[in-house]
Amino acid sequence: MIRKIEQHELDEAINLSLQVCMQCGMDDFDDEGIETFRSFIHNRQLMTELTVYGAFEDNKLIGILGTKNNNKHISLFFILPEYHRNGIGKALFDIMVCEYPVPEITVNSSTYAVPFYKSLGFEQIGGIDCSRGITSVPMKRIS
């Protein structure tokens, strides 16, 4: 089941983000980057500004997609590793796009997730960037 995350479920979404980031994305973070990411996800004001969708299996949160700027930018997109390549990320993305279609969506992808974003129709729009200890790849999808 996929639905929007309610405010009382936000801590669970934050924990999932950190867990997956530490398991799958560590090549893109130095010590400063880990602190930058933690500061972002633990900033309650910033997190409540996001629209966060969750994928659930038997009431267990297994993936999240968080957007900002009226779904024009993906800020968080994490699926538990044991559920990778099962269509959960695509299903989250498809529901978000159906509920709030926008002409253009951007993301600063981890290097790990570039092939996944390409499968969703994103294209790289710049070189690999390193800012505040986080390596990312700027990407955009035009509808």
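By convention here, the first residue in the shown sequence is residue 1. Since the model is a prediction, treat every value here as computed from it, not as a measurement.
- Here the closest heavy-atom approach between residue Leu61 and residue Leu80 is recorded as O-CD1, 3.8 Å.
- Looking at Glu49 and Asn43, their side chains never come closer than 4.5 Å, going by heavy atoms from C-beta outward.
- At a threshold of 4.5 Å between non-hydrogen side-chain atoms, the residues Leu65 and Val52 do not count as touching.
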Checklist entry - Going through the checks in order, is the side chain to side chain contact (heavy atoms under 4.5 Å, CB included) test met by Met47 and Ile14? => result CA-CA 9 Å; Met47 291 301 292; Ile14 289 167; 3.7 Å; yes
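- The distance from the OG atom of Ser110 to the CG atom of Asp27 is 9.5 Å, given to the nearest 0.5 Å.
- Using a 4.5 Å heavy-atom cutoff, the side chains of Arg132 and Glu35 are not in contact.
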Next on the checklist: Is there a side chain to side chain contact (heavy atoms under 4.5 Å, CB included) between Leu76 and Ile41? Walk through the geometry before answering.
Outcome noted: CA-CA 9 Å; Leu76 299 172; Ile41 62 173; 4.1 Å; yes
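- Scanning all heavy atoms of the two residues, the minimum distance from Ala55 to Leu92 falls at N-CD2, 3.9 Å.
- In this structure, Leu46 and Lys68 have side chains that are not in contact, with every pair of non-hydrogen atoms separated by 4.5 Å or more.
- Shown here for Ser17 and Ile64, the closest heavy-atom pair between the two residues is OG-CD1, 3.0 Å.
- A side chain to side chain donor-acceptor pair (under 3.5 Å) check over residues 69-89, counting only residues at least two apart or in different chains, returns the pairs Glu57-Tyr83, Thr67-Asn71, His73-Thr106, His84-Tyr112.
- At least one side-chain heavy atom of Gln7 sits under 4.5 Å from a side-chain heavy atom of Thr48.
- Taken from CD1 in Ile34 to SG in Cys21, the straight-line distance is 7.5 Å, to the nearest 0.5 Å.
- For the pair Phe78 and Leu16, the tightest heavy-atom approach, listed with the atom from each and the gap, is O-CD2, 3.6 Å.
- The line from CG of Asp94 to CD of Glu99 is 11.5 Å long, rounded to the nearest 0.5 Å.
- Annotation: ring pair (Phe, Tyr, Trp, His ring centres under 6.0 Å) contacts involving residues 40-71, sequence neighbours excluded, are absent.
- A distance-only check finds no donor-acceptor pair linking the side chain of Arg141 to the backbone of Glu123 [under 3.5 Å].
- With sequence neighbours excluded, the residues forming a ring pair (Phe, Tyr, Trp, His ring centres under 6.0 Å) with Phe29 are Phe37, listed by chain and number.
- Between Phe77 and Tyr117 there is a side-chain heavy-atom pair separated by less than 4.5 Å.
- Atom NZ of Lys140 is separated from atom CD1 of Ile105 by 12.0 Å, given to the nearest 0.5 angstrom.
- With hydrogens and angles disregarded, a donor-acceptor distance shorter than 3.5 Å links the side chain of Gln124 to the backbone of Gly126.
- A 6.0 Å sphere centred on CD of Gln19 holds more than 12 heavy atoms belonging to other residues, nucleotides or ligands.
- Shortest non-hydrogen contact noted between Ser136 and Pro138 is O-CD, 4.0 Å.
- Note: Glu104 CD to Ser143 OG = 9.0 Å, rounded to the nearest 0.5 Å.
- In this structure, Phe122 and Ile142 have side chains that are not in contact, with every pair of non-hydrogen atoms separated by 4.5 Å or more.
- Atom CG of Asp30 sits about 7.5 Å away from atom OG1 of Thr135, to the nearest 0.5 Å.
- Closest approach of Gly133 and Glu32 over heavy atoms only: N-OE1, 3.6 Å.
- A donor-acceptor pair under 3.5 Å is formed between the side chain of Asp28 and the backbone N or O of Thr111.
- For the pair Arg3/Glu9, a side-chain contact is recorded, criterion being any heavy-atom separation below 4.5 Å from C-beta on.
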